[in-house]
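Contents: one structure, followed by commentary.
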There are 4 protein chains.
Amino acid sequence: MPKVDDTYRNARRAQILDAAITCFAHEGFHRATIRDIVVQSKLSPGAIYNYFGSKEDIIEAIVTERHKKEKRLVLEARKEPDVARVVGRLRDAFLGEYREKKERLRRRVSIQLWAEAQRNPRIGKIVRRGVTQMRKLLSRIIADAQRRDEISPDLDPDALARFMIAAFQGLALQAEWDNNLLLEPYLRILNTFLKSFFSPV
Amino acid sequence: MPKVDDTYRNARRAQILDAAITCFAHEGFHRATIRDIVVQSKLSPGAIYNYFGSKEDIIEAIVTERHKKEKRLVLEARKEPDVARVVGRLRDAFLGEYREKKERLRRRVSIQLWAEAQRNPRIGKIVRRGVTQMRKLLSRIIADAQRRDEISPDLDPDALARFMIAAFQGLALQAEWDNNLLLEPYLRILNTFLKSFFSPV
Amino acid sequence: MPKVDDTYRNARRAQILDAAITCFAHEGFHRATIRDIVVQSKLSPGAIYNYFGSKEDIIEAIVTERHKKEKRLVLEARKEPDVARVVGRLRDAFLGEYREKKERLRRRVSIQLWAEAQRNPRIGKIVRRGVTQMRKLLSRIIADAQRRDEISPDLDPDALARFMIAAFQGLALQAEWDNNLLLEPYLRILNTFLKSFFSPV
Amino acid sequence: MPKVDDTYRNARRAQILDAAITCFAHEGFHRATIRDIVVQSKLSPGAIYNYFGSKEDIIEAIVTERHKKEKRLVLEARKEPDVARVVGRLRDAFLGEYREKKERLRRRVSIQLWAEAQRNPRIGKIVRRGVTQMRKLLSRIIADAQRRDEISPDLDPDALARFMIAAFQGLALQAEWDNNLLLEPYLRILNTFLKSFFSPV
DNA sequence: AATGAATGAGATTTCATTCAT
DNA sequence: CATGAATGAAATCTCATTCAT
């Protein structure tokens, strides 16, 4: 079944990554075996190693795709005319994901990644790069808003960006532990917080 | 079968837990081997299994001690006369730890725990219990303050507690990735945030 | 199903065998993968399996061709009028090869074959047949010379043949290990040895 | 069963090496699996890896012990008063091994080593070192004899050493292929050869 | 005939845990 | 109580070979 085109190969790649996300989300990186991914993806070990050189490569691919998607979300949000709306849209985009089952899995994998990044230099580098990228993007959005006098010039853009990211990271964690965590009340606090920083001065 | 006293046993236990924290912080739960802990603790495998029934038991002991300590911190802070000071003291207590090397290791282990809690029901249960306990404590502090009219009654105590926890969880993560993260600017944002919620109405 | 002619098929076969010799010489039979041969030969796995039923078949083909060539060399040498000249020519023929790069590869493969012959009955049989054939040829040359009174009748033809073969096998090994082994001194010893046996009585 | 003494550990080590020699001799390095060695040695995989870091380490240990033994043999032989007797004793020592079953296995492994040395730099280095050591030892024996006027000064000691080694290497190979190779006739040729070089001038 | 993606048996190695001393 | 050698299940990855196209 040779001479397949890129569409075919991309489909297989996605098939493997999807299976891997499911397995990693349920078992963690270390407990999820290649065999698990084999079963989940309905492929064979050999087939998987045709697309990825190692288990770590699969993890890396997952992170990389995740980061690409997040960057896209932020760049999309940035098109809004003022910072309040940019931030509102970001909030909606990231919170929106909380309903989707597939995204739930991805979030679980993200938490695995935070742990893995600690001891795996290669994964660490990539995860770090991703978060830094996100922080820089947010930071710039804030700085731009300050330049346009939309928000107080006293706020440190970088620190505020960190704080926003923290609010979402913490939510991700807690949502993970609490199956019936109610988004609404959290959202209301978040809005109060956002308003206190991002409403027109 | 020489009966040794409790002091001796407790010292050995602590020796093992200290070694384990170091190993887990550096290698993660799965990559850190019992042998690593053996080397680090200068004991033998057999000795370790005399004090803990399994690797998981060691992890469990670490979490449990961690939670006890955090509970102590909060109960201590609660003695302050008003909520602004309670929150301020909590902030100082948790941030104070950021300078200590030993605490750095514990924080790293915490992140490992978040990941492990996802797939290990036993650890999951304990970690969940710990965060819930913390949330309940904070939540009650907030509710009490509302009852004393110190802060707005519109805020959902539980959600605000979650938000505060998130701010610290996110900081822990980012501090982990960014060796030279500056606490000061983050602290300033945190203060602004806290003030906007907790200053006398 | 395009019927191609024998010339085409023979060319492909040679292409595969050449590639295989290179790979086997560099990586050994077990470490050299079909994929290596695919890359080296610039063909595809499927193509290779069109010409050879298995990796072992390729090895077998290499041995067989090698043996054919050696037999040709001996038969050629045997045309010389007396045993001294026969032996001299054999020596030149086999030593002549030491300069050629391609032959260096073949010699490396031969050493692999000695090892493989030990545990692989099929290869073992062929290798054995080849050496036996060579020994018989030399043995007959010696016996004929004895019959013609060219050399002492006391020498056991078979044992002497073995000894001659050993001298070359050992040289092949040592040349393999010693990149700058000097042929000349060895050759002088070899000549002294040959003269002591093969000079006219 | 801890705190064992060196005798115990050496016995286990020997047990593993013996099993490995048997397996390697029968199946070759690549076909012999660790599991084979496990079965043969009646130990467990873990036990084996307690004594050797890898399959390659086992191979290395086998070569090293072999070389030590050969060196001992030569040094022992060198004590003879004149070169003829030295050489005679060497011949007897090495040929003597041909009767012993255990030595037969070792010889088979040696042939495997010649092949493995080609593609495995680590093994290559050790094998080379061993043969070089042997050649140097023989070479010095010859040179000493020349200094004492026992043999012709025209012979190149190094080349003659090579030739002697070759005679034994070739014999090892042929004995391997020919189960009923007769040593006597070969020995007679060898003696003629040795006499022609080593008898008093 | 050629292609090359897929297969899946099997190899090496690791490591939590046990238990004789 | 301590020791550390031994156990053996299980994990990752390789590679000869097949076969749909």
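Just so it is clear: chains get the letters A, B, ... in the order the sequence lines come, proteins before strands, and each one is counted from 1.
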Do the charged groups of [X] and [Y] touch, with an N to O distance under 4.0 Å?
X	Y	result
D:K102	D:D18	yes
B:R66	B:E103	yes
B:R122	B:D57	yes

Both atom distances under 3.5 Å, Watson-Crick or G-U wobble: I'd like the secondary structure of DNA chain F as a dot-bracket string, with | for pairs made across strands. .||||||||||||||||||||
Euclidean distance, atom [atom1] of residue [X] to atom [atom2] of [N] [Å, nearest integer]:
X	N	atom1	atom2	result
A:Q15	E:dA6	CD	C1'	12 Å
D:R13	F:dA5	CZ	P	15 Å
D:R12	E:dA20	CZ	P	15 Å
B:N50	E:dT18	CG	C1'	12 Å
A:Y8	E:dG4	OH	C1'	10 Å
D:I48	F:dT7	CD1	P	9 Å
D:R9	F:dG4	CZ	P	11 Å
D:F52	F:dA5	CZ	P	14 Å

With a 4.0 Å cutoff (strictly under), does any side-chain N or O of A:Y49 reach OP1 or OP2 of F:dT14? no
Shortest side-chain distance from [X], nucleotide among [options]:
X	options	result
B:K55	F:dG8, E:dA16, E:dA1	E:dA16
C:Y51	E:dT7, F:dT14, E:dA1	E:dA1
C:P45	E:dA5, E:dT13, E:dA16	E:dA5
C:S54	E:dT7, F:dT17, E:dT13	F:dT17

Are any side-chain N or O atoms of C:K55 and backbone N or O atoms of C:A32, one a donor and one an acceptor, separated by less than 3.5 Å? yes
Looking at DNA chain F, which of residues 22-43 of chain A put a heavy atom within less than 4.0 Å of it? A:A32, A:T33, A:I34
side-chain contact (heavy atoms from CB on, under 4.5 Å) with C:Q118: which of D:R108, D:H26, D:E27? D:R108
Would you call the rings of D:H30 and C:H30 parallel, tilted or perpendicular, where under 30° means parallel and over 60° means perpendicular? parallel
B:E56 or A:S44, whichever maps to the more 5' nucleotide of DNA chain E: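 Checking each residue's closest nucleotide, the 5'-ward one belongs to A:S44.
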Indicate the atoms forming the closest heavy-atom contact of [X] with [Y], along with that distance.
X	Y	result
C:F24	C:Q112	O-CG, 4.1 Å
C:Q40	C:C23	CB-SG, 3.8 Å
B:A61	B:L17	CB-CD2, 3.9 Å

